[in-house]
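Quick notes on the structure that follows.
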Amino acid sequence: MRYVSSFRNTFSRVAPGALAGLLAAFAALGAAELAAGAVRPAAGPVAVVGGAVVDLAPPTVKDFAVRTFGEDDKDALRIGILSLLAVSAAVLGVLSLRHPRAGAAGVLLFGAVGAAAALSRPDAAGLGDALPSLAGAAAGAAALRFLIARTTGAPPDQPAGSGPGGRDRRGFLTAAAATAGAAASAGALGRLLAARNGQDATASRNALVLPRPASPAPPVPAGAQLRVPGISPFTTPNRDFYRVDTALVVPRIDAAAWRLRIHGGGVARPRTLTLGDLLARPLVERDITLTCVSNEVGGPYTGTARWLGVPLADLLREAGVRPPSRGGRYDQLVARSADGMTLGSPVEELMDGRDAMLAVGMNGEPLPFDHGFPVRMLVPGLYGYVSACKWITDIELTSFDAYDPYWVRRGWARRAPVKTQSRIDTPKPFARPAAGPVTVAGVAWAQRRGITRVEVRVDDGPWQDADLAAPTGADTWRQWTYRWEASPGGHTLTVRATDGTGRVQTEERTRTAPDGASGRHSVFVTVPQTTGPAPSQAGPGAPPQTTDVLTNSH
Ligand SMILES: Nc1nc2c(c(=O)[nH]1)N[C@H]1C(S)=C(S)[C@@H](COP(=O)(O)O)O[C@H]1N2
Ligand SMILES: [Mo]
C-alpha cells in the first residue's frame with residue numbers, strides 16, 4: 001500500500017512536468033513545420049535529422065532497416081525520431097519542474113542539433129535551412145516556460161513550491177489546451193505552405209506534354225505477357241514500381257526552373273541544359289528492367305517500365321567526352337541530384353552502345369515525383385545505385401580514382417553490373433496448393449545479356465526446363481512458367497536462369513553488399529493430402545531456411 005501511494009504521489013508531482021515537456025515538443029514541431037513550410041519543406045527538423053541518421057547509419061543497420069521495414073523504412077525512421085523526441089521531452093519537462101533553466105537549455109540543445117543537421121545536409125540551400133529548427137527550439141522553450149509556470153503557480157525560475165491545487169490545475173489544463181491548439185494550427189499552416197511550395201512543380205508536371213519518340217519501342221508482344229495469376233506483369237505500373245532512395249522529403253522540382261549542367265574532366269564543351277533543350281532532341285523509347293543492388297534473392301526491388309529519354313552517349317559526345325577505350329582519361333561520370341545524392345557510372349559502359357538515357361517519361365507519362373521528375377538517368381545493365389540518378393541536376397566527368405560517390409563511401413562496390421537472377425512469383429512461400437497440376441511462374445533478368453533458359457527443380461529432383469515468354473530484348477526481364485504435377489507433402493521449388501552468354505545463375509549465396517545478392521530463389525509449399533485424414537500442418541521434412549525471401553542463408 002505504501003508503495004502504491006508513494007508511486008501515486010510521485011506520479012501526480014511528475015505528470016504535469018512530463019505533459020508540459022510533451023506539449024512543448026509538440027509546439028516546437030508545429031513552429032518548425034510552419035517555418036519549414038515558409039522556407040523549405042526539406043529543411044524541417046525531422047527530415048534533416050532523419051537524413052543525417054540515414055547518412056551516418058552503418059551499412060549493417062541500414063540493411064537491417066530495409067530488410068525489416070522494406071519500403072516503410074522511412075516511416076519507421078520518422079516514428080523512431082519522434083519517439084526519441086517524445087521521451088526526451090517528457091524527461092526535460094520533469095527536469096524543468098525543479099530546474100527550469102536546465103530544461104530550457106535542453107530544448108535549445110535539441111534546436112542546435114537540428115540546425116546543425118540542416119546546415120550539413122548535402123542539399124542545404126543556405127543559412128535559412130537552420131531556421132525551422134531554431135524557430136522550433138524558441139517556440140519549444142517558450143511553451144515549456146509557459147506551461148511549467150502553470151504547473152505550480154510559481155515563477156518559472158524559482159523551484160516549485162506547493163503541489164498543484166484545484167485552481168492551479170484548471171489553469172494548467174487551460175494552458176496545455178491552448179498550447180496544443182496553437183501547435184496544431186502552426187503545423188497545419190506549415191503543411192499548407194509546403195503544399196503551395198510544391199504547386200509550381202505539380203503544375204509544371206501536369207502541363208508537360210511528352211514529345212513522340214524518334215525511336216519508339218515496338219509494342220510488347222502478346223507472348224511476352226503471360227496471363228498467370230500471381231506473376232509479375234511484364235510492364236510494372238508506375239504506382240507499383242519499387243522506390244529506393246534516401247529522400248525523406250521527395251524533391252518537387254519546377255520543370256521550368258530545372259537545369260542540368262554537364263562539366264568536368266575531358267568535357268571540351270561544358271553545357272547547361274533546360275528541359276526544353278532536352279525535349280527538342282530526338283527521344284528514344286525503351287523497355288528496361290531496373291534493379292536495386294539491395295534486392296535480396298527473391299526480393300521485390302526490381303521492375304520494368306517503358307522509358308522515354310534522351311540518349312546520354314550523344315550528349316556526352318557533343319560535349320567532347322571520349323570513353324577510355326578511345327583515349328579518354330576520365331572513366332567515371334558522377335551524377336548529382338537536387339537532394340544532394342551522388343552516383344557514379346563507368347563512362348565506358350555509358351558510351352558502349354547501350355540505351356543509357358536521361359529519362360523524362362515512364363510508362364507514357366512524365367516521371368512521377370517519386371521516380372525523379374523532371375529528369376533521371378537510366379542505364380541498362382547497371383544497378384540503380386551506380387546509374388539511375390533521380391532528380392538529376394549535374395553531370396561531372398571525373399575518374400574512379402579521384403572521387404567516391406555516396407554509396408561507395410558507405411562500402412558498396414564502385415562498379416556494379418546487374419547479376420543474373422530469377423524469382424518465383426507463384427506459388428507464394430508456405431502456400432498450400434492442391435495436388436495435381438500447379439503453375440509455377442515468375443520472372444528472370446540479366447540486363448544486357450538477356451535470359452535464354454529458366455529451369456525449375458522440385459526438392460532434390462532433376463532440373464526441368466520452364467517455358468519462357470516471348471523475348472523482348474536483353475535489357476528486360478523475361479517471364480517464365482512451369483507446370484508442376486504436385487504430389488502431397490512438403491516441397492521445395494527452386495529456380496535458376498541461364499543468361500545470353502550461356503552462364504547459369506550461380507548457386508553461391510552472397511549478401512546484397514557490396515555488389516548485389518547472388519544465389520537461387522526457393523519457395524517451400526505444402527500440398528495437402530487429397531484422401532485420408534486431414535492434412536498435417538507441415539508436410540514431411542521441415543521447411544528449409546530459404547523460403548523467406550528476406551533471409552540470406554542457404
Ligand atoms: N537522387 C537519388 N537518386 C537515386 C537514389 C537516391 O537515393 N537518390 N537511389 C538509387 C537507387 S539505389 C535505385 S535502386 C534507384 C531506384 O529508382 P526507383 O526508386 O525509381 O525505383 O534510384 C537510384 N537513384
Ligand atoms: Mo538501389
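Counting convention: from 1, in listed order, for ligands and their atoms alike.
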Worked check of side-chain contact (heavy atoms from CB on, under 4.5 Å) between Thr302 and Leu290: CA-CA 6 Å; Thr302 180; Leu290 176 63; over 6 Å; no

Let me check something: any side-chain donor-acceptor pairs from residues 374-381 under 3.5 Å, sequence neighbours excluded? List them with distances.
from	atom 1	to	atom 2	distance (Å)
Arg376	NH1	His371	O	3.3
Arg376	NH2	Ala388	O	3.0

Close side-chain approach of Thr452 to Asp499, heavy-atom, < 4.5 Å: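 Side-chain contact under 4.5 Å: no.
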
Parallel, tilted or perpendicular: ring planes of Tyr385 versus Trp407, cut at 30 and 60 degrees: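 Rings of Tyr385 and Trp407: perpendicular, as their planes differ by over 60°.
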
Salt-bridge present (Arg243, Asp245; N to O < 4.0 Å):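 Yes, this pair counts.
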
Salt-bridge criterion met for Arg191 and Glu33 (N-O under 4.0 Å):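 Salt bridge present between Arg191 and Glu33.
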
Shell of residues surrounding ligand 1, defined by a 4.0 angstrom heavy-atom cut-off that is strict: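 Those residues closer than 4.0 Å to ligand 1 by some heavy atom are Phe241, Tyr242, Arg243, Val244, Asp245, Thr246, Leu290, Cys292, Ser337, Asp339, Met341, Leu343, His371, Arg376, Gly384, Tyr385, Ala388, Cys389, Lys390, Trp391.
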
